[in-house]
Number of protein chains: 2
Amino acid sequence: MNENNLVFNEKTCPVTATMQVIGGKWKAILINAIYQTSPARFGELKRSVTGITQSMLTSQLRELEDDGIINRKVYAEIPPKVEYTLTEFGLTLSPIILSMAEWGRKYKFNQAQKK
Amino acid sequence: MNENNLVFNEKTCPVTATMQVIGGKWKAILINAIYQTSPARFGELKRSVTGITQSMLTSQLRELEDDGIINRKVYAEIPPKVEYTLTEFGLTLSPIILSMAEWGRKYKFNQAQKK
DNA sequence: CAGCATCCTGTCCGATACTG
DNA sequence: CAGTATCGGACAGGATGCTG
């Protein structure tokens with residue numbers, strides 16, 4: 001046995017678990033968008049999150065809901081109205097997302113300097 | 001114009017920029033692994049990051065290097081020896097990764113309770 | 001308005017074999 | 001030891017059309 005026995009297992013790694021929740025192309029953006037505009041309506045998200053398609057928006061919201069990150073509140077009205085908010089647990093993600101936003105700005109600044 | 005003009009653009013979103021650096025299946029794990037065992041040798045990473053293949057390890061390390069996150073130090077020896085460390089800039093990612101690890105543990109705990 | 005059902009495409013990733 | 005090179009499959013993600 002060597003002195004350094006650290007193991008980083010993709011199955012058990014907590015970082016990977018987090019990536020599976022907020023990873024992918026849209027999840028983090030959506031969490032941020034809902035955090036900023038809460039309560040956020042479906043159509044509102046579709047307009048503010050530029051480039052996302054309806055089907056992607058639906059599926060990503062559903063996954064976030066299943067993971068306990070967001071609440072989905074349906075109003076029995078015509079026309080339909082659905083509001084999304086972060087759950088209490090979802091709110092614990094916001095510091096991470098905000099840190100990521102801050103870091104992303106630094107990164108872009110660095111990239112711009114490199115040229 | 002409505003009162004709420006926030007836009008979350010996939011091209012300019014700083015959160016997306018960060019995701020492109022630490023996203024994917026292995027990047028965050030690798031950053032964490034190098035952070036914990038620095039300086040980390042190639043073979044050492046291959047052993048500790050269970051499940052990763054050589055080609056993936058090589059390509060992911062190369063991308064992290066190109067993004068300015070890690071340093072690659074080659075020793076002109078036989079047998080070859082390469083050491084990876086986080087750059088100063090890469091170190092600014094560690095609080096984020098650590099937060100993600102902490103959050104991932106909470107998430108797993110929640111999931112376990114749900115059953 | 002807020003979805004769902006299909007179909008399709010690109011890329012991410014893994015397996016395997018070879019090298020300085 | 002620390003890599004390359006090549007190949008192929010799975011899956012995330014996108015386009016489009018339809019619905020309560």
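Fair warning: this is a prediction, and the values are worked out from it, not measured in the lab. A note on names: the letters A, B, ... follow the listed sequences, proteins ahead of strands, and every chain is numbered from 1. The figures that follow rest on heavy atoms only: side chains count, while hydrogens, waters and symmetry mates do not.
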> Nearest-Å distance, CE (A:Met56) to P (C:dC4)?
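The distance from CE of A:Met56 to P of C:dC4 comes to 13 Å, rounded to the nearest Å.
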> For C:dG3, does OP1 or OP2 lie under 4.0 Å from any side-chain N or O of A:Arg72?
yes
> Roughly how many Å is it from CG in B:Leu57 to C1' in C:dA15, rounded to a whole number?
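For the pair B:Leu57 CG and C:dA15 C1', the rounded distance is 16 Å.
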> With under 30° as parallel and over 60° as perpendicular, where do the rings of B:Phe42 and B:Tyr84 fit, or are they tilted in between?
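Plane angle between 30° and 60°, so tilted.
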> Within the structure provided, determine whether A:Thr18 and A:Ile22 are in side-chain contact (heavy-atom separation under 4.5 Å).
yes
> To the nearest Å, how far apart are B:Gln54 CD and C:dC13 C1'?
15 Å
> In whole angstrom, give the distance that lies between atom CG of A:Leu45 and atom P of C:dA2.
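Roughly 9 Å, once rounded to whole Å.
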> Measure the CH2-CE distance between B:Trp26 and B:Met56 for me, rounded to the nearest 0.5 Å.
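Result: 7.5 Å between the selected atoms.
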> Could you go through A:Lys27 and A:Glu63, starting from their C-alpha distance and side-chain angles, then the distance that decides it, and tell me whether this counts as salt bridge (Lys or Arg N to Asp or Glu O under 4.0 Å)?
CA-CA 9 Å; A:Lys27 296 278 187 69; A:Glu63 288 181 26; 3.0 Å; yes
> Counting the atoms with a prime plus P, OP1 and OP2 as sugar-phosphate, which does A:Ser55 contact under 4.0 Å by heavy atoms, base, sugar-phosphate, or nothing?
base
> At how many degrees, to 10°, do the end axes of the helix from C:dC1-D:dG20 to C:dG20-D:dC1 meet when each uses five pairs?
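The value is 60°.
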> Under a 4.5 Å cut-off applied to non-hydrogen side-chain atoms, are A:Phe8 and B:Thr50 in contact?
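With C-beta onward as the side chain, the pair stays apart.
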> Please report the distance, rounded to the nearest Å, between CD in A:Glu65 and P in C:dG3.
9 Å
> Shared ILVMFWY cluster between B:Leu98 and A:Leu98, side chains joined below 4.5 angstrom?
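Yes.
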> For the pair made of CH2 in B:Trp26 and C1' in C:dT11, what is the distance, rounded to whole Å?
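From B:Trp26 CH2 to C:dT11 C1': 17 Å.
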> Hey, does the side chain of A:Arg62 come within less than 4.0 Å of C:dC4's phosphate (OP1/OP2), counting only N and O?
yes
> Return the minimal non-hydrogen interatomic distance between B:Arg105 and A:Pro14, and the atom names on each side.
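Of all heavy-atom pairs spanning B:Arg105 and A:Pro14, the closest is NH1-CG, 3.6 Å.
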> Base, sugar-phosphate, or nothing: which does A:Tyr75 touch, judged by heavy atoms less than 4.0 Å apart?
nothing
> Please state how far atom NZ in A:Lys81 lies from atom P in C:dG3, giving the value in whole angstrom units.
13 Å
> Can you tell me if CD on A:Glu102 sees more than 12 non-hydrogen neighbours from other groups inside 6.0 Å?
no
> If you count heavy atoms of other groups shown closer than 6.0 angstrom to CD of A:Glu77, is the number above 12?
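Yes, CD of A:Glu77 has more than 12 neighbouring heavy atoms, counting only those of other groups under 6.0 Å.
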> Taking heavy atoms of chain A and a 4.0 Å limit, find me the 5'-most and 3'-most nucleotide of DNA chain D within that range.
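Contact span on the strand: D:dG13 to D:dG20.
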> Which comes earlier along DNA chain C counting from the 5' end, the contact point of A:Glu10 or that of A:Glu83, where each point is its nearest nucleotide?
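Looking at DNA chain C, the more 5' nearest nucleotide goes with A:Glu83.
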> Give B:Lys25 one of three labels, base, sugar-phosphate or nothing, depending on what nucleic acid heavy atoms sit under 4.0 Å from its own.
sugar-phosphate
> Between C1' on C:dG14 and CD1 on B:Ile52, what's the gap in Å once rounded to a whole number?
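Those two atoms, CD1 and C1', are 11 Å apart.
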> Using 0.5 Å steps for rounding, measure from the CG atom of A:Asn71 to the OG1 atom of A:Thr85.
4.5 Å
> Looking at C:dA15, C:dC13, C:dC4, which one has an atom nearest to any side-chain atom of B:Thr53?
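The listed nucleotide nearest to B:Thr53's side chain is C:dA15.
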> Hey, which of these two, A:Gly23 or A:Pro80, hits DNA chain D nearer its 5' end, going by closest nucleotide?
A:Gly23
